[in-house]
Number of protein chains: 2
Amino acid sequence: MARRRKEDALETRERILDAAIEVFHKRGVSRPSLTEIAELAGVTRGAVYGHFQNKADLFIALTDRIQLPDESLCQAPLHGGCDPLGELRKRSLFLFREVMNDEQYRRVFEIILMRCELVTENGEILKRCTESHAEGDRRLRKLVEAAITAGQLPEDLDPNIAVPILHGSVIGLLNDWLINPAYDLVEVGTRQVDALLEMLQSSPHLKRSGTLQAPASA
Amino acid sequence: MARRRKEDALETRERILDAAIEVFHKRGVSRPSLTEIAELAGVTRGAVYGHFQNKADLFIALTDRIQLPDESLCQAPLHGGCDPLGELRKRSLFLFREVMNDEQYRRVFEIILMRCELVTENGEILKRCTESHAEGDRRLRKLVEAAITAGQLPEDLDPNIAVPILHGSVIGLLNDWLINPAYDLVEVGTRQVDALLEMLQSSPHLKRSGTLQAPASA
DNA sequence: ATTTAAATACATTCATGCATGAATATCAAT
DNA sequence: ATTGATATTCATGCATGAATGTATTTAAAT
């Protein structure tokens with residue numbers, strides 16, 4: 001074939017990306033050839049190489065279109081800070097809703113989560129995953145500490161305990177649901193977050209005293 | 001080279017398996033060739049084909065040596081049933097301890113979790129993952145229901161809510177820790193489980209009334 | 001006329017799986 | 001204990017196929 005208009009070229013690019021999502025989602029990232037993706041997109045391999053350097057580059061372009069859960073959960077630097085817990089709740093529910101309702105988002109996320117190999121050869125996405133995870137923890141910690149300062153959480157709550165539990169529970173529910181979406185994620189998620197926040201306020205098992213823990217200075 | 005004694009042959013097999021763990025853990029399952037694994041094991045590809053049919057077969061042999069978290073979490077059909085909550089607690093802590101202390105176990109688990117592609121071409125491991133997940137949910141539900149019957153949890157606790165939250169939280173913490181093992185999993189895990197069980201007993205957000213939910217018949 | 005999207009053709013690389021062969025372990029028979 | 005036959009582990013070499021990346025060509029848009 002021959003040259004298309006600029007708009008057509010962009011559309012071709014999108015078609016390739018969509019085809020790649022479908023193929024990667026069904027067969028993983030490593031196995032399928034570019035031929036397979038090209039054919040599903042209705043073009044030849046030449047077109048793919050015209051838009052992307054190689055499969056890794058195509059994969060990166062795909063993942064750039066979505067936010068990872070940790071990125072979505074902990075984006076802005078908690079504006080204002082008047083209601084940290086409300087902020088946390090809002091963001092969690094937003095994430096649950098987005099994952100549940102946006103099919104395309106979900107499929108890309110499923111590819112990253114369980115249909116690609118997080119190794120150095122996939123440097124870009126590996127980096128994003130680990131860094132967003134770490135950054136998520138950091139932001140979550142700030143939220144929790146702000147909540148303590150604001151009086152929304154008890155003084156003697158141990159962030160070293162609360163943060164990983166909170167993070168693991170929310171992200172864990174999300175991942176679980178992706179594996180087996182047998183329930184209403186938004187409803188269960190809402191209840192989870194509410195119950196967890198309540199738990200942070202009241203549970204003696206999350207206090208600093210329990211086991212020896214580096215006592216927060218100041 | 002030539003034939004070895006039976007024991008030597010078994011040792012060769014083990015060496016190949018260990019080499020495969022190392023290679024898969026570092027570079028993922030799909031990329032490395034059998035040559036790479038053989039060389040690390042100090043043999044040639046011929047030896048690998050002598051012990052395993054192909055890479056997929058080798059990978060299966062690897063994963064057969066460990067239990068998945070859900071398998072470990074929900075093995076026996078809850079013997080006796082006098083103390084369901086204690087049973088649940090015990091199993092969770094056992095899992096946390098095992099993952100934290102057994103390096104080999106952990107590496108294989110990390111391969112399954114984030115260094116292989118869970119697609120139909122990897123049928124065996126995909127099946128194990130999805131089935132153990134489902135079975136884990138089923139067993140967890142039985143435990144929760146038994147706990148309600150035994151009076152350890154409130155009558156109006158909604159298992160449809162409690163089970164996914166419990167499962168997601170525990171498995172989520174485990175997965176989180178594997179990504180970034182920056183804390184003591186056993187300590188945080190213990191506190192998490194204790195706080196969660198407490199939460200199940202007291203939180204109004206996990207009751208049946210909240211939103212319309214299929215009322216458990218009888 | 002020139003530029004560019006996309007097809008086509010081609011060379012190269014590489015992993016796989018198998019067939020073959022070497023050399024020792026194992027065991028039965030003496 | 002020695003010998004001989006057999007089985008078995010592992011190395012080697014080869015044929016095959018497939019995917020990749022690039023170079024070249026085509027033909028339309030500007």
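Just so it is clear: chains get the letters A, B, ... in the order the sequence lines come, proteins before strands, and each one is counted from 1. This structure is a prediction, so every number in the text was calculated from the model and none was measured.
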- Considering only NZ, NE, NH1 and NH2 on the basic side and carboxylate oxygens on the acidic side, decide whether Glu22(B) and Lys26(B) come within less than 4.0 Å. no
- Note on the structure: Side-chain atoms of Val43(A) come closest, of dA7(C), dT22(D), dG17(C), to dA7(C)
- Query: With a 4.0 Å cut-off, would you call Glu11(B) and Arg15(B) a salt bridge?
  - Reply: yes
- Ionic contact status for Glu145(A) with Lys142(A), cut-off 4.0 Å: no
- Query: Just checking Gly46(A): base, sugar-phosphate only, or nothing, at a heavy-atom cut-off of under 4.0 Å?
  - Reply: base
- Item | Rounded distance (Å) that lies between atom C1' of dT20(D) and atom NZ of Lys55(A) | 10 Å
- Query: Would you call Lys127(A) and Glu124(A) a salt bridge, using N to O less than 4.0 angstrom?
  - Reply: no
- Rounded to whole Å, CZ of Arg15(B) lies from P of dT9(D) at a distance of 15 Å
- Message: Quick check on contacts: within residues 17-34 of chain A, what sits under 4.0 Å from DNA chain D by heavy-atom distance?
- Response: Ser33(A), Leu34(A)
- Could you state the atom-to-atom distance from CZ of Arg13(A) to P of dA6(C) in whole Å? 12 Å
- Item | Salt-bridge contact Glu131(A)-Arg138(A) (side-chain N to carboxylate O under 4.0 Å) | no
- Interatomic distance where OH belongs to Tyr49(B) and C1' belongs to dT16(C) [whole Å]: 5 Å
- Note on the structure: note: Phe52(A), atom CZ; dT22(D), atom C1'; distance rounded to Å ~ 19 Å
Solution key, residues 31-40 of chain B side-chain donor-acceptor pairs under 3.5 Å, sequence neighbours excluded:
| residue | atom | partner | partner atom | Å |
| --- | --- | --- | --- | --- |
| Arg31(B) | NH2 | Asn122(A) | OD1 | 3.4 |
| Ser33(B) | OG | Thr35(B) | N | 3.4 |
| Ser33(B) | OG | Glu36(B) | N | 3.3 |
| Glu36(B) | OE1 | Arg27(B) | NE | 3.4 |
| Glu36(B) | OE1 | Arg27(B) | NH2 | 2.8 |
| Glu36(B) | OE2 | Arg27(B) | NE | 3.0 |

- Message: If I take atom CZ in residue Arg45(A) and atom C1' in nucleotide dA7(C), what distance separates them, rounded to the nearest angstrom?
- Response: 11 Å
- Closest to side chain of His51(A), choosing from dA6(C), dC10(D), dG13(D): dA6(C)
- Item | Side chain of Thr44(B) - closest among dA7(C), dA11(D), dT16(C) | dA11(D)
- Note on the structure: When rounded to whole Å, the CD to C1' distance for the pair Gln53(A) and dG21(D) reads 11 Å
- Item | Nucleotide dA6(C), atom C1' - distance to CD of Glu14(A) in whole Å | 17 Å
- Query: Are Arg13(B) and Asp18(B) ion-paired here, with the side-chain N under 4.0 Å from a carboxylate O?
  - Reply: no
- So does Thr12(B) get a side-chain nitrogen or oxygen closer than 4.0 Å to the phosphate oxygens (OP1/OP2) of dC10(D)? yes
- Closest to side chain of Asn54(A), choosing from dA11(D), dT20(D), dG21(D): dG21(D)
